[in-house]
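Below is one structure, written out as structure tokens; the observations come after it.
A, B, ... follow the sequence lines: proteins, then strands. Residue 1 opens every chain.
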Number of protein chains: 2
Amino acid sequence: MARLAGVSEATVSRVLNGVGPIKEQTRARVMEAAKALNYVPSALAQGFARKRSGNLGVILPLLPKVNLFSTHYFSELLSGIGMTASRYGYDLLLLFREPDEPREYERMFQAQKIDACLILGAQDVEPERHALAELAANGRQFCLVSQRFEGTGYNAVDADHREGVRAAVHHLLDRGFSRIWFLNGPSSYSNSADRLQGYCEALHERGVPFDPERVLLGNYSRTSGYRLSEEIEGLVRSGAADAIVAGSDRMAIGVLQGLKEKGLLAGIDYGLVGCDDSEGAKLTDPMLTSIAVPFYEMGSQAANQILSPLAQGETSSSFQLKLPVELIVRGSSAR
Amino acid sequence: MARLAGVSEATVSRVLNGVGPIKEQTRARVMEAAKALNYVPSALAQGFARKRSGNLGVILPLLPKVNLFSTHYFSELLSGIGMTASRYGYDLLLLFREPDEPREYERMFQAQKIDACLILGAQDVEPERHALAELAANGRQFCLVSQRFEGTGYNAVDADHREGVRAAVHHLLDRGFSRIWFLNGPSSYSNSADRLQGYCEALHERGVPFDPERVLLGNYSRTSGYRLSEEIEGLVRSGAADAIVAGSDRMAIGVLQGLKEKGLLAGIDYGLVGCDDSEGAKLTDPMLTSIAVPFYEMGSQAANQILSPLAQGETSSSFQLKLPVELIVRGSSAR
DNA sequence: GTGAAAGCGCTAACAT
DNA sequence: ATGTTAGCGCTTTCAC
């Protein structure tokens, strides 16, 4: 060890960790020795001694063949999380949640693999609720990203999907569309409920009665949108619908492609808006009007909220953030 | 500890690790106690004792605003790596490489944060070569994914890009295109050289002389393809080019969109093929003919090759895998 | 087949 | 301001 090089023992620890008072001279001597020996402390031993791993767990669903969420979603989120975590000296431990396996979040804490965790793509289903309750019961630090659980007070960072869809509907109404349908995703995602609420709210604000018949259900995939385009064609041709707001770009793109095959063009024959402003939104023809979500920022904030108290040894208070979204107008909602 | 519940001490360790001989009776007693106490061994202490972290490092470039690689690429790769790693009881430690920071790969080994690592998106530049040489010098287990370094013998898993582009060129020639240009990416990626070679090879096989003038240079982004579409328009209109093979779907899509704005349609006015068969390939109109790369499989194999010896305590031999790709024909190369 | 004991490399009281 | 010492929770010789 660097003890040979220097003269002391625990002092090395103090110097390297910047703890306690140290004479500038010895500090210099230690640093020098460390450099000379190219000394790198073992994070393993360190963690063991201070009972923390220095890892932030990131739990994410195993996307079998790309579904539900756009991959864009994950990579942006991960980058945001990673950048912020590294600022606090934390590393990311990636944990894939396999579809049917039990969710053993608590286990990772017990094993001391992670000091805290962020949960992406959670769903409001029983096993999930149970796993989260277990974490909460043990006082674990965790934060849900893009999903909230009513009546729990769990930490969460989300985007303001309600407001996004509200803006989208207003936009369509402003453009002269009046029979707007809403294509939503599964209700196990709180996002879905949020968007539906935004849809209703906007209609209400403009004096348009809400008609539950005008809500369709997909599963967030492009295929589900494509499949529904059959039904939607009829609606558009009969005049029952003149615009669609879809809960994801993927579904919107499915609709756009399906209707195009049937001779109906987005932005001309009907208005179309997606959600998430994924990369795909710029690839369709016409390009897709969509609601941009600050994924990077969400990841960054979630990591910050969780890590900042941990790093300072402070006790953390619960938080629920809702970040603003932005309507990006493109050709699919022209007229 | 479970020692109270059972009767022994080190025996618990033996039972839980399935090491050494143990009477079936005691084994049962220990297991029972473990279950009763809901005992989960500390991976931290375990790692400390046996000097290994149980983590597989995954190094990836911080994609600032999505570039070079499609995000599809990373999520597929990560899933493949994650699945395989979990089979070996390893967790993934994600390490973002910031653009200009020194690449401190070796440091993560010294700190014992990881036992081995996979490097994604490496480039053939000096700092990278240096960092890798350092790893090799210290006998670290690592594997490059989607990048090779000539004359080094480093472990690598790659796709057969040469063969992919070769197939693409043959396909275009078969379809009656004859003045095929190639839009390549930066030469710091071995992929780029591979693809160029496939391009030359195919032309050669069909008796078409290779003309270096017909090679354009982009940076793998959609924008770079879009920008080049200006030049390409001229080539197509003058008859100097009637088809393009691009080194990435992103560049191909940029070209497709740019030329469409100028009134030239892929699959009608010219042939177009991309690489990677990303999600975007199915979103353009016409859809993009592309070369499918088995990213998931590549990740899975890389993890397997690295982890399998580690887990068995065997010594590992070096490997260079090249997985097959598949040409997916769609509208952009019709005629 | 199972205990006993040493020790992995560091941190954190406690002394000085 | 710095040295001493006792572990952190496991694995692993080495005896029995």
Between A:Asn17 and A:Arg50, do the side chains contain a donor N or O and an acceptor N or O under 3.5 Å apart?
yes
If we ignore angles and hydrogens, is there a donor and acceptor under 3.5 Å between the side chains of B:Arg107 and A:Asn38?
no
Mapping A:Gln46 and A:Arg14 to their closest nucleotides on DNA chain C, which lands nearer the 5' end?
A:Gln46
Which residue lies more 5' along DNA chain C, comparing B:Gly20 with A:Val40 via nearest heavy atoms:
B:Gly20
OP1 or OP2 of [N] versus the side-chain N and O atoms of [X]: is any pair under 4.0 Å?
| X | N | answer |
| --- | --- | --- |
| A:Lys51 | C:dT11 | no |
| B:Tyr39 | D:dC10 | yes |
| B:Ser13 | D:dT11 | yes |
| A:Thr26 | D:dT2 | yes |

Just the rounded figure in Å: distance from [atom2] of [N] to [atom1] of [X].
| X | N | atom1 | atom2 | result |
| --- | --- | --- | --- | --- |
| A:Leu16 | D:dT2 | CG | P | 14 Å |
| B:Arg50 | D:dT13 | CZ | P | 13 Å |
| A:Gln112 | D:dC8 | CD | C1' | 9 Å |
| A:Phe48 | C:dA12 | CZ | P | 13 Å |
| B:Arg52 | D:dC10 | CZ | C1' | 13 Å |
| A:Leu44 | C:dC8 | CG | P | 14 Å |
| B:Asn17 | C:dG1 | CG | P | 18 Å |

So that I know where these two stand, are A:Phe142 and A:Tyr154 an aromatic pair - ring centroids less than 6.0 Å apart?
yes
Give the nucleotide from the list D:dC10, C:dA4, C:dT11 with an atom nearest to the side chain of B:Ala10.
C:dA4
Under the side-chain contact (heavy atoms from CB on, under 4.5 Å) test, residues paired with A:Glu297 that sit two or more places apart:
A:Pro294, A:Gln301, A:Leu323
Got a sec, which residues hit side-chain contact (heavy atoms from CB on, under 4.5 Å) with A:Gln147, two or more places apart in sequence or on another chain?
A:Ala122, A:Asp124, A:Phe149, A:Tyr189, A:Ser190
